[in-house]
Amino acid sequence: MGFLALIIALLIEQARPLPVNNLVHRAIGEAADLLMGVTNAGERRHGAAGWLALVVAVLLIIGLLQWLLAKVHPLAVLGLHVAVLYYTVGFRQFSHAFTEIQLLLASGDIAAARRVLGDWLRTEDPEFSAQDASVTEICRVTVANALVASHRHVFGPIFWYVILPGPIGPVLYRLAEMLARRWSDPQEVYGRFAQTAYRLVDWLPIRMTVAGFAIVGSFEDAVYAWRGAVAAGTADDQRALLLAAGGGALGMRIADPALEARWAQDSEQGYEPQGAEPGVDGLRSAVGLVWRSVVLWVSLYAMLTIATWLGR
């Protein structure tokens with residue numbers, strides 16, 4: 001059932017993309033703000049209690065709903081899985097901006113590409129500005145954030161869907177990711193706990209995504225960049241690890257220049273950044289890398305499903 005639900009959800013999402021400001025995500029965000037406003041007294045335990053209260057409540061609702069639907073009919077459970085995956089997994093939640101930038105650069109409209117890039121990234125970083133960014137910089141930032149978004153919106157929730165029973169896995173991952181963004185201030189007790197919780201939830205998925213990029217891309221370059229990030233002490237930084245190995249798999253330098261300089265300075269193995277500066281062709285390469293990785297993990301999930309069926 002799980003594999004079938006995933007395929008159906010991905011097909012529906014391709015035909016009818018989930019709006020960014022949809023009702024479900026908006027309701028969770030408002031609930032998170034309300035909970036923090038009511039319970040935040042400035043102590044770390046309040047941040048932990050608030051995070052757990054919201055996450056456990058949503059997971060209990062999903063678990064209870066699945067139990068009730070199982071009493072009705074297996075197709076009802078399938079419908080729940082499809083609905084949960086539709087709201088937690090999908091390319092179209094971020095790919096429209098990437099595609100628009102790709103088309104604008106291909107047509108030579110650099111000013112419009114800067115504007116689209118700025119609008120895209122200001123949703124997470126209000127101070128981001130792409131003004132006066134060169135084509136190389138636009139391509140670098142676009143590819144970097146596309147790889148990060150593909151992990152957060154596709155590979156991360158799929159990993160937990162396979163690992164945990166039913167729809168609990170992708171819901172847990174999406175809640176952790178959303179709360180880490182919603183409570184993004186690391187100086188606040190809620191922000192500190194939300195960031196820590198998301199790092200724990202994402203520790204294994206990010207490494208599986210990186211491994212997938214290495215397998216379907218340039219394996220040796222990806223592993224070399226991965227080792228360089230670890231040697232420089234940035235292995236616990238999900239974004240840094242993903243950009244290091246993802247850039248190596250693509251044969252491009254997509255990490256922030258300051259981060260590359262840190263790798264080169266702190267690495268005990270004399271790490272030197274590899275790859276070419278990203279260009280318009282690099283956008284197409286990034287799309288190919290992501291889709292090959294999707295095919296890899298979906299194929300592995302299909303084989304796991306078939307092996308389960310045969311073992312019964």
Side-chain angles (χ1 to χ4, degrees), residues 1-39 50-70 72 75-98 119-124 145 148-184 190-191 193-195 197-198 201-202 205 294:
M1 177 183 294
F3 177 75
L4 179 61
L6 176 61
I7 297 301
I8 294 174
L10 289 175
L11 290 175
I12 294 175
E13 201 262 347
Q14 287 295 312
R16 188 178 180 83
L18 180 69
V20 175
N21 191 29
N22 61 82
L23 178 62
V24 174
H25 290 181
R26 188 166 64 248
I28 292 175
E30 292 174 355
D33 291 343
L34 177 63
L35 182 64
M36 183 173 67
V38 171
T39 62
W51 190 94
L52 289 171
L54 181 59
V55 171
V56 170
V58 175
L59 293 182
L60 285 176
I61 292 173
I62 294 296
L64 178 61
L65 188 57
Q66 175 168 275
W67 180 78
L68 292 174
L69 292 177
V72 178
L75 287 180
V77 178
L78 176 64
L80 174 64
H81 283 229
V82 171
V84 166
L85 289 170
Y86 177 71
Y87 278 96
T88 56
V89 180
F91 288 100
R92 301 293 294 275
Q93 297 181 36
F94 68 91
S95 64
H96 62 284
F98 180 90
D119 293 342
W120 178 20
L121 297 191
R122 272 194 295 272
T123 58
E124 294 192 9
N145 284 276
V148 172
S150 69
H151 167 71
R152 292 178 177 175
H153 291 278
V154 181
F155 301 117
I158 287 179
F159 171 85
W160 283 115
Y161 183 59
V162 175
I163 296 299
L164 293 182
I168 291 177
V171 172
L172 171 63
Y173 183 88
R174 179 58 59 232
L175 285 173
E177 187 268 335
M178 289 179 65
L179 291 178
R181 284 189 290 110
R182 195 80 178 190
W183 298 336
S184 58
Y190 272 65
F193 187 84
Q195 298 293 327
Y198 179 55
V201 171
D202 198 37
V294 169

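- Not counting sequence neighbours, the partners of His153 by the ring-ring contact (aromatic ring centres under 6.0 Å, His included) test are Phe94.
- With sequence neighbours excluded, no residue forms a salt bridge (Lys or Arg N to Asp or Glu O under 4.0 Å) with Glu13.
- Of all the heavy atoms in Leu172 and Leu59, the pair that sits closest is N-CD2, 4.0 Å.
- Rounding to the nearest 0.5 Å gives a distance of 9.0 Å between OG1 of Thr88 and CD1 of Ile158.
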Checklist entry - Can you list the steps and then say if Leu68 with Val72 is a side chain to side chain contact (heavy atoms under 4.5 Å, CB included)? => result CA-CA 7 Å; Leu68 292 174; Val72 178; over 6 Å; no
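- To the nearest 0.5 Å, the span separating CZ on Arg182 from CD on Glu30 amounts to 7.5 Å.
- The heavy-atom pair separating Trp160 from Val201 by the smallest distance is NE1-O, 3.0 Å.
- Annotation: side chain to side chain donor-acceptor pair (under 3.5 Å) contacts involving residues 164-175, sequence neighbours excluded, comprise His151-Tyr173, Tyr173-Tyr198, Tyr173-Asp202, Arg174-Glu177.
- The salt bridge (charged side-chain N to carboxylate O under 4.0 Å, His left out) analysis of residues 154-169, with sequence neighbours excluded, yields no pairs.
- Expressed to the nearest 0.5 Å, how far CG of Leu64 lies from CG of Leu69 amounts to 9.5 Å.
- Checked against side-chain contact (heavy atoms from CB on, under 4.5 Å), Leu60 has the following partners two or more places apart in sequence or in another chain: Val56.
- No side-chain heavy atom of Pro205 sits under 4.5 Å from any side-chain heavy atom of Phe155.
- The two residues Gly166 and Pro170 come nearest to each other via the heavy atoms O-CD, 4.2 Å.
- Every side-chain contact (heavy atoms from CB on, under 4.5 Å) that Leu54 has, sequence neighbours left out, goes to Ala31, Ala32, Leu35, Val58, Leu179.
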Which pairs of donor and acceptor atoms, one on a side chain in residues 77-87, lie under 3.5 Å apart (sequence neighbours left out)?
from	atom 1	to	atom 2	distance (Å)
His81	ND1	Tyr161	OH	2.8
His81	NE2	Gln66	OE1	2.8
Tyr86	OH	Arg16	O	2.7

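- Between Trp67 atom CH2 and Ile62 atom CD1 the span is 16.0 Å, to the nearest 0.5 Å.
- Qualifying salt bridge (Lys or Arg N to Asp or Glu O under 4.0 Å) partners for Arg26, counting only residues two or more places apart in sequence or in other chains: none.
- You'll find the side chain of Leu175 reaches within 4.5 Å of the side chain of Val171, heavy atoms only.
- Although no hydrogens or angles enter the test, the distance criterion places a donor-acceptor pair under 3.5 Å between the side chain of Asn22 and the main chain of Pro19.
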